[in-house]
Amino acid sequence: MSRLESLISAMTLPEKLGQLTMTTGGYAVTGPARVEDPSGAIIAGTIGNLLNVVGTDDVFKMQRLAVEESRLRVPLLIGFDVIHGHRTLFPVPLAETALFDAATWALSAREAAIEASADGVAMTFAPMLDVSRDPRWGRSVEGPGEDPWLAARFAEAKVRGFQGADLAARDALAAVAKHFCAYGPVTAGRDYASVDISERTVHEVHLPAFAAAVAAGVAAVMPAFNDLAGVPMTANAALLRNWLRGHLRFDGVIVSDYNAIGELIHHGVAADLTEAAALALNAGVDIDMMANAYRQGLPSAVDRGLVSVAQIDASVRRVLLLKERLGLFEDPYRRGATSQAAATLAQRRALARAIGGRAIVMLKNGSSVLPLADSIRRLCVMGPLADAPAEMGGPWPGAADADAHVSVLAGLAASLPGVEVLHARGVAIDGESMADVGAAVELCAHADAVVLCLGEAAAMSGEAASRTELGLPGKQRAFAEAVLDRARALAKPVIALLFSGRPLIVPWLVEKADAVLACWFLGSEAGNAIADVVTGRISPSGRTPVTWARTAGQIPLFFGQRPSGRPADPKDRFTSKYLDAPNEPLFPFGHGLTYGNFTLSNLRVAPQQVRESESIEVRVDVTNDGARAAEETVFLFTHDTLASISRELLELKGFGKIALEPRQKGTVTLILPATELRFLGIDLASVFEPGEVEILVGPCADRLQLLKSRVHLLI
Ligand code: GLC
């Protein structure tokens, strides 16, 4: 009999339920806090997993109770939210997606895994794969944007990065694909609210990233808090047991979200913890995070015949198998106590700086005010996010020292030694006082250029941070307009830096500022990364992974819309449009300016007729007509113009990058396997239909900017 089977057969029911329980160690508060000292339960074997324990001392202390004092000596599984870095923070996921670079997405996850495992962590509750098309929802910041194909590429990269080649390695983290599924379209963008979307949208938009994560070998999956059409995801047997475990053959661990099993009572589908526990276990959930429902509810569920001991054993087996794959039985202390050489930390900070610079999306650069002119001698750096290092980490700060993040002010001062940098906050991030605006505005008169740092606090996005107003909080707009008016009167350029976990609705700022950079939350090296772009040390290259609406009334606004029977026509009243706003966004998906000036030409697609087993080669020439070197990103979209169901006007199928010197020309080649043109037919079964498909290539999801060709699919 194997070690695991021997263990299972030796376990009492409370010990088995201990392996299905995860409780917090209190290092961070990531849910309705209920922190009790787990020490006694660990020794009793009735808690087998912990979250929010960080640091070798604490991890080893808890691990020692399990492996040296408990009866069966089963090691603890310890998880933490390593979302975008651990002690060194990289840009928040939405920002990092803007790199459109899977290798770098994997690299930053690998570096985060090295740091977190050195702190004794063995599991990260990441990657978050929720496709989001509603920026009112604060958790958009944690995910890979609005597109399912992109989310799938992000999923693959992050799973491979976190887990590495061998899950038993001391620097490997078990990744958790979350939140399964369709959490992004919560009603009205309100976190935790109900979700009611079509089954087609669930399969076309919200499941592909999880299929990709499973294909990449993800160790675990976390169901979402929301109900989906009335069925809470934590109890959704159709999607958890039948689709995830059945159709995808996922045999890893399913860990509930924080207290989510207990919240089945609030959902109104369970009368008590017994029923809640039975629903979750029957749906396939293995670990109960923070609800204590399995320990309290499953014994009576067994007595009442709602679940069987065999089902409990199956879950215990999956948990023990994961611990074994992580090498925890061999060496429970494998993760932790690995010192990080100073040079390694410096390299990681340099990587965070480089990724930060590439995550910046230059939304506007009117009259090329950027990069800053060499003639500038006095620079005014203003606004509530100018000297705010702690905000730069975003809403999932990991185990980083927030005060050690580099602020915009510090980064610019360090990068411009010969320039006098003036600073004024002007207003708070959120608040009513305008008392300091006058003095701040007057500083403009003493500067050659103004950098205006505006946006959200880190806590204004992320979990439990939905907003109905998507402009600048507090009195920032009034302050910014006073600065912009004064600067214009003095003919001083204004560069606006936007810090946010979502695309903000700021058309007035885009109109009035000379340049606008989306700086999201860039992590530990934020200020240096921003300085690298603003000073021209590097060219911006980030492309927005979400559409920027012009007005909140357009939401949800995303490029993958279907054509409708009455496509917008400004000359025809009876077509799909608004009376009071355009259909077009402020900035489309993929938008992002560089210091180059790129033109695309000569799109070639071959072969023109293709069978499913073949691939399509797409080639396009790119020329940099600008005066500076830069990197261009080219997107490949398709549009199936005639099919058994109405198909999206644009479907993202690939992207390529090319770095070009001034006046240099190159070619981007993209290979599209024809099988990628399969879609879900009328009965949601995957089909490959003959007929014509448009191939569209260009700098963003604006059809007017895309070069177009077509292929003919043959059966
Ligand atoms: C939180 C979040 C989830 C996180 C978990 C553990 O409520 O929903 O994303 O991983 O609890 O902190």
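Each ligand, and each atom within it, is numbered from 1 in the order the structure gives. Quick note: residue numbers are just sequence positions, from 1.
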Which residue and atom name correspond to the protein heavy atom nearest [atom], and how close is it?
{"atom": "atom 3 (C) of ligand 1", "value": "D257 OD1, 3.4 Å"}
{"atom": "atom 10 (O) of ligand 1", "value": "D81 OD1, 2.6 Å"}
{"atom": "atom 2 (C) of ligand 1", "value": "E463 OE1, 3.2 Å"}

Polar atom proximity, T30 to ligand 1 (N or O, under 3.5 Å): yes
Less than 3.5 Å between some nitrogen or oxygen of R139 and one of ligand 1, yes or no? yes
Within 45° of the ring axis of F100 and under 6.0 Å from its six-membered ring centre, is that where the NZ or CZ of R543 lies? no
Looking only at side-chain N and O atoms, does [Y] offer a donor or acceptor that is under 3.5 Å from a partner on [X]?
{"X": "S194", "Y": "D227", "answer": "yes"}
{"X": "T88", "Y": "E111", "answer": "no"}
{"X": "D130", "Y": "S132", "answer": "no"}
{"X": "Q340", "Y": "R348", "answer": "yes"}

With atoms numbered from 1 as shown, which atoms in ligand 1 lie under 4.0 angstrom from a non-hydrogen atom of [X]?
{"X": "K178", "answer": "3 (C), 4 (C), 9 (O), 10 (O)"}
{"X": "L51", "answer": "6 (C), 12 (O)"}
{"X": "F225", "answer": "7 (O), 8 (O)"}

Taking it one step at a time, do L298 and L13 satisfy side chain to side chain contact (heavy atoms under 4.5 Å, CB included)? CA-CA 9 Å; L298 283 182; L13 182 60; over 6 Å; no
Any heavy-atom pair between the side chains of [Y] and [X] that's under 4.5 Å?
{"X": "E96", "Y": "K158", "answer": "yes"}
{"X": "T21", "Y": "T46", "answer": "no"}
{"X": "L89", "Y": "H84", "answer": "yes"}

At a non-hydrogen distance cut-off of under 4.0 Å, which region of N52 contacts ligand 1 (side chain, backbone, both, or neither)? neither
Between M128 and ligand 1, find which residue part has any heavy-atom pair under 4.0 Å and reply side chain, backbone, both or neither. neither
Min heavy-atom dist [X] to ligand 1 below 4.0 Å:
{"X": "H179", "value": "yes"}
{"X": "M290", "value": "no"}
{"X": "M222", "value": "yes"}

